[in-house]
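Right, one structure below, let's go through it.
By convention in this document, chain letters (A, B, ...) are assigned in the order of the sequence lines, proteins followed by strands, and residues within each chain are numbered from 1. The structure displayed is predicted, hence computed values, not measured ones.
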Amino acid sequence: MDGQDRMERIVSLAKRRGFIFPSSEIYGGINGFWDYGPLGVELKRNIKDAWWHDTVRCPPPGPDGKPIEMVGLDCSIIMNPKVWEASGHLAGFTDPRIDCKQCKARFREDQLLRPFLKVLTSLPESGQMFDAMNLVTSDPPQTIPVLVDQPNREELQSVVRQFLNSKRAKVIERPQAPPVMGSAFFVVDGQKVFFLGLDLAGTVQAGELCPLCRGELTEARDFSLMLATNIGAMQDSASTAYLRPETAQGIFANYRNVLDTSRLKIPFGIAQIGKAFRNEINPRNYTFRSREFEQMEIEFFCHPSDADTWYEYWRDSRFQWYVQHGLKSDKLRLRNHEEDELAHYAASCADIEYEFPFGTSELEGIANRTDFDLKQHQEASDRDLTYFDDETKERYIPHVIEPSGGVDRAALAFLCEAYDEDEAPDDKGVMRKRTVLRFHPRFAPIKVAVFPLVRKDGMPEKARAIYARVRASLASFYDEKGAVGRRYRRQDEAGTPFCITVDGQTLEDRTVTVRDRDSLAQERIAADEVLDYVRGRL
RNA sequence: GCGGGCGUAGCUCAGUGGUAGAGCGCAACGUUGCCAACGUUGAUGUCGUGGGUUCAAGUCCCAUCGCCCGCUCCA
């Protein structure tokens with residue numbers, strides 16, 4: 001079963017069992033939006049509740065072994081647009097773009113471009129990274145005319161492919177801010193560096209020809225990754241507001257309020273779970289890249305000199321959180337960003353990545369954002385966002401460590417990790433395929449299902465009584481229809497860890513069986529102890 | 001955003017111009033004492049949507065929306 005096949009089975013199961021539906025499906029759906037069904041909403045809620053408990057209410061002890069201070073927050077999705085000016089999102093999200101109608105290259109209106117291929121003869125050692133922007137803007141290295149004067153897109157790509165296939169090249173992934181689409185660069189044998197890309201050589205305007213292929217260009221078009229809306233009845237530019245593209249800025253905007261009302265001392269963290277929106281160009285990979293998604297974020301404020309310690313603390317403890325909840329396979333990875341792929345606001349950054357069936361992608365990023373955000377907001381708002389330490393009499397802007405995870409991505413990862421097919425015997429002892437979701441019990445949408453073995457001899461009555469008791473404190477499900485084996489299998493597909501069955505013996509000695517989802521083993525316990533038993537194993 | 005593929009029942013899919021189907025699933029009843037049992041019965045489709053061609057369109061054409069793959073992008 002390859003990745004695509006596995007993913008299709010997971011998507012199919014998720015739809016069939018009510019985990020995830022396409023949004024507004026009866027109208028043909030809408031690209032980049034998804035709904036969570038009855039089982040999906042329980043899964044997601046369990047993830048969020050676990051996160052909230054494990055980071056806000058009862059976080060792990062700090063690096064010094066002492067308890068750490070955390071509080072929660074729930075900000076509005078729409079904020080004063082000045083927030084996004086200060087954070088840099090507005091500028092970064094709204095560069096007008098010009099597309100080439102022929103070769104489909106995309107340019108920024110006010111920048112750019114001439115294709116080139118450069119060979120640097122005295123450069124870094126094999127594997128060493130370097131800054132693409134510096135390469136472009138520093139003294140022009142030797143340029144060799146490997147390509148024709150006006151290479152088209154296919155030619156550019158084919159040259160890149162040749163290098164990649166030659167295995168002489170080490171590709172540096174995710175170069176920082178390549179000037180435009182289509183650029184790539186790599187190191188060859190520690191001897192020469194090739195940079196293939198587009199030069200910053202003037203501007204392109206609508207009406208001109210494409211510098212790549214001499215094709216026709218489109219008009220400049222706004223290309224915003226923030227979803228906009230209008231406040232009030234009048235729709236003009238003054239009424240434009242944005243759906244937040246991340247929850248973090250709401251925390252920074254409230255940093256002063258929280259500090260003034262909570263008697264917190266540095267270091268402390270503010271956590272928030274909430275929806276965020278990005279107008280992704282190309283939503284893909286099921287729910288992984290959606291236009292509407294939910295984040296669970298912490299902004300942890302600390303003294304600048306402690307930032308590295310807290311960064312490592314959060315990076316490692318967040319990684320462990322995923323491990324503890326079932327992503328313990330080798331599919332989970334911690335990837336530290338190299339210096340040249342760091343965002344402008346981050347001093348260091350690590351991604352917690354998971355190997356989904358469609359590829360390895362980020363679940364959560366942990367960044368040392370330094371004092372960038374608070375400084376930006378202090379300047380833009382003209383409010384004092386410094387912190388005064390009464391003990392040391394020191395005044396400073398705290399540095400911020402940000403663990404920022406995607407709830408939907410976590411849900412998808414746990415779903416993918418949980419999906420399994422194994423074999424179990426049918427009533428005649430023949431091995432049959434079984435589909436089972438091996439969720440961590442904490443995340444299982446249904447914790448316990450209660451069945452009568454058959455629908456007679458008063459078993460349903462006993463079973464319903466037990467169900468009434470357990471549902472008061474655990475997500476539970478009652479089923480008496482059809483054969484018990486079928487009911488077990490249905491719960492396997494939902495990921496229910498425990499099935500309680502009332503049988504003939506129950507009527508004699510008030511015991512029931514507890515069937516384990518993963519081992520299929522059954523244990524007989526007193527009916528009155530069912531609740532404690534299940535709780536003890538969650 | 002570009003290119004390719006695909007949209008038919010809840011799921012997986014068959015159906016190349018002439019009465020919309022199969023398997024599984026789902027529901028009801030009966031049977032059934034531990035892992036997708038059996039029997040009987042039943043429900044579910046504007047064939048993604050809109051337009052066109054045709055006596056006749058699930059089928060051919062156009063557009064559009066959605067999904068998948070590749071490219072691109074991911075501040």
Whom does [N] pair with, Watson-Crick or G-U wobble, provided both distances fall under 3.5 Å?
{"N": "G30(B)", "answer": "C38(B)"}
{"N": "G17(B)", "answer": "none"}
{"N": "C67(B)", "answer": "G5(B)"}
{"N": "C11(B)", "answer": "G23(B)"}
{"N": "G58(B)", "answer": "none"}

Interatomic distance at [atom1], [N] relative to [M], whole Å:
{"N": "U44(B)", "M": "G1(B)", "atom1": "C1'", "value": "39 Å"}
{"N": "G3(B)", "M": "U64(B)", "atom1": "P", "value": "11 Å"}
{"N": "G15(B)", "M": "A9(B)", "atom1": "C1'", "value": "14 Å"}
{"N": "C26(B)", "M": "G10(B)", "atom1": "P", "value": "14 Å"}
{"N": "U19(B)", "M": "C13(B)", "atom1": "P", "value": "25 Å"}
{"N": "A37(B)", "M": "C24(B)", "atom1": "P", "value": "11 Å"}

Which listed nucleotide ([options]) is nearest to the side chain of [X]?
{"X": "D457(A)", "options": "A27(B), G33(B), C35(B)", "answer": "G33(B)"}
{"X": "V454(A)", "options": "C35(B), C34(B), G33(B)", "answer": "G33(B)"}
{"X": "E246(A)", "options": "C34(B), A75(B), C35(B)", "answer": "A75(B)"}
{"X": "R489(A)", "options": "C35(B), G33(B), A27(B)", "answer": "C35(B)"}
{"X": "L520(A)", "options": "A75(B), C35(B), A27(B)", "answer": "C35(B)"}
{"X": "R455(A)", "options": "U32(B), G33(B), C74(B)", "answer": "U32(B)"}

Closest-nucleotide 5' rank along RNA chain B - winner of F33(A) and T513(A): T513(A)
Position toward the 5' end of RNA chain B (nearest nucleotide), I30(A) or R515(A): R515(A)
Sub-4.5 Å side-chain heavy-atom contact between P403(A) and E364(A): yes
Just the rounded figure in Å: distance from [atom2] of [N] to [atom1] of [X].
{"X": "H337(A)", "N": "C74(B)", "atom1": "NE2", "atom2": "C1'", "answer": "12 Å"}
{"X": "I500(A)", "N": "C34(B)", "atom1": "CD1", "atom2": "C1'", "answer": "14 Å"}
{"X": "N279(A)", "N": "A75(B)", "atom1": "CG", "atom2": "C1'", "answer": "14 Å"}
{"X": "L227(A)", "N": "C74(B)", "atom1": "CG", "atom2": "C1'", "answer": "15 Å"}
{"X": "N285(A)", "N": "C69(B)", "atom1": "CG", "atom2": "C1'", "answer": "10 Å"}
{"X": "R284(A)", "N": "G70(B)", "atom1": "CZ", "atom2": "C1'", "answer": "8 Å"}
{"X": "E362(A)", "N": "C74(B)", "atom1": "CD", "atom2": "C1'", "answer": "10 Å"}
{"X": "D5(A)", "N": "C69(B)", "atom1": "CG", "atom2": "P", "answer": "12 Å"}

N/O (side chain, N31(A)) to phosphate O (OP1/OP2, C67(B)) under 4.0 Å: yes
Identify the pairs formed between an N or O of the protein and an N or O of nucleotides 37-45 of chain B at a distance under 3.5 Å, and give each distance.
| from | atom 1 | to | atom 2 | distance (Å) |
| --- | --- | --- | --- | --- |
| A37(B) | OP1 | R486(A) | NH2 | 2.9 |

Stretch residues 403-411 of chain A: residues that reach within less than 4.0 Å of RNA chain B through a heavy atom: none
Face-on cation placement of R291(A) at F277(A) ring, 6.0 Å and 45° thresholds: no
List for me each residue that meets ring-ring contact (aromatic ring centres under 6.0 Å, His included) alongside [X], sequence neighbours excluded, and say none if there are none.
{"X": "Y419(A)", "result": "none"}
{"X": "Y311(A)", "result": "none"}
{"X": "F498(A)", "result": "none"}
{"X": "F451(A)", "result": "Y488(A)"}

Working for side-chain hydrogen bond (donor to acceptor under 3.5 Å, both in side chains), residues T511(A) and D509(A): CA-CA 6 Å; T511(A) 61; D509(A) 63 8; 2.7 Å; yes
Syn/anti state of G33(B) by chi, 90° boundary around 0: syn
Partner residues of K331(A) under the side-chain contact (heavy atoms from CB on, under 4.5 Å) criterion, sequence neighbours left out: S329(A), Y354(A), E355(A), E417(A)
Residue list, side-chain contact (heavy atoms from CB on, under 4.5 Å) with D373(A), at least two apart or on another chain: Q249(A), F252(A), R369(A)
Dump every N/O contact between nucleotides 48-50 of chain B and the protein below 3.5 Å, one line per pair.
none

Charged N-O contact under 4.0 Å between E480(A) and R464(A): yes
Which pairs of donor and acceptor atoms, one on a side chain in residues 31-41 of chain A, lie under 3.5 Å apart (sequence neighbours left out)?
| from | atom 1 | to | atom 2 | distance (Å) |
| --- | --- | --- | --- | --- |
| W34(A) | NE1 | Y286(A) | O | 3.3 |
| Y36(A) | OH | D408(A) | OD2 | 2.7 |

With sequence neighbours excluded, residues passing side-chain hydrogen bond (donor to acceptor under 3.5 Å, both in side chains) with R537(A): D516(A), Y533(A)
Check: Y488(A) side chain, C34(B) base, donor-acceptor under 3.5 Å: yes
Any donor-acceptor N/O pair under 3.5 Å between G25(B) base and R17(A) side chain: no
Check nucleotides 10-13 of chain B for protein N or O atoms closer than 3.5 Å to its own N or O atoms and list the pairs.
| from | atom 1 | to | atom 2 | distance (Å) |
| --- | --- | --- | --- | --- |
| G10(B) | O3' | K15(A) | NZ | 3.4 |
| C11(B) | OP1 | K15(A) | NZ | 2.4 |
| C11(B) | O3' | S12(A) | OG | 3.1 |
| C11(B) | O2' | S12(A) | OG | 2.9 |

E402(A) side, atom CD; E297(A) side, atom CD - distance, nearest 0.5 Å: 4.5 Å
Evaluation steps, salt bridge (Lys or Arg N to Asp or Glu O under 4.0 Å), between D479(A) and R486(A): CA-CA 10 Å; D479(A) 195 358; R486(A) 176 184 294 267; over 6 Å; no
